[in-house]
Amino acid sequence: METTTSLLGVDLGGSKIEAAIMDAAGVVTHRARCPTPKNSYEDTLAAIRELCEQLESETGLPDRRPLGICTPGSPSPETGLMRNCNSTALNGQRLLADLEDCCARPVRIANDADCLALSEASDGSGAEADSVFGVIVGTGVGGGIVIRGSLLQGPNAISGEWGHNPMPLDRLATLPPALSPSRLCYCGRQNCIETWLSGPGLALSHEQLHGDGISVGELSLEHPDDAHRASLSLYADMLATALGGVVNLLDPELIVMGGGLSNIPSLYREVPALLARKLFSDVCRTKIYPAQHGDSSGVRGAAWLWRDTVSASS
Ligand SMILES: [Zn+2]
């Protein structure tokens, strides 16, 4: 395979598209972005191509370099059609093949949680860890798994999708009476972890418990309002319960968290202590850290999808 000294990544989000050139040490040297075109798949493809060509023109790098792209969902390994995209109109589109045609270059694709896990395992919070479970807790809940530097990709292309496992029944059985344990998920199942641990899930819990709204920025265990603290404590316990299932199965060295709710500092004190009680183990050595690269995880992880092409001398 041809080697390179820099990598090209694109993060395709619901409101904006960001492209970046990253060097072999993980330093983003150039960025470009534009709003995500509304209601036009063809315009979205064209916008991605233009961003790539703009960066190649600005940097003087050889054009038609391989592209890594971060998306909200993933292509079905059976049909190649996008699925599980909860925030864009990509579902049902043959995105990977269409991008390769439109941009005239090879393309690799991964969802946002996989890109977070790969970015952090490559040169972020998990750079020293052998096994990393990357978690996104934001508008949705997703996960990705990196083992010894490689993204785990199984036959169904759903590795790490813990957000659509059900919240354990024993946890639902001990909810406060005001919370109904029957939340319908957009995927068609009931009580998916996402329905409880996403931002909208937390807001719904707080509203049902206390009758008013809540914003993530306000959440803190030091908050003077008892209701805020109670909602956050419940959230931390449910998060620990859900992560307990992951640790029993995967036993990762590190859990790294991204997404809006990962910015709540007290989670990193509360959840590890709670997690230790949820495991089939007498110890819990798994660490939980926030993502080091924050909002850049998508575009960086997308670029790292071509890590095997970086030349050793670079
Ligand atoms: Zn679901």
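Whatever order the structure lists them in is the order used to number ligands and atoms, beginning at 1.
- Of all protein atoms, those of element N, O or S that lie under 2.8 Å from the Zn ion (ligand 1) number 4.
- Ser198 places no side-chain N or O within 3.5 Å of a backbone atom of Thr195 that could act as its donor or acceptor partner.
- A 4.5 Å side-chain heavy-atom check between Pro75 and Arg94 finds every atom pair outside the cut-off.
- Looking only at atom types and distance, the side chain of Gln54 has no donor-acceptor partner in the side chain of Glu50 under 3.5 Å away.
- Heavy atoms of other residues, nucleotides or ligands lying less than 6.0 angstrom from CG of Asp295 number 12 at most.
- Using a cutoff of 4.0 Å between basic side-chain nitrogens and carboxylate oxygens, Arg31 and Glu18 are scored as salt-bridged.
- Between His228 and His210, the gap from one ring centroid to the other reaches at least 6.0 Å.
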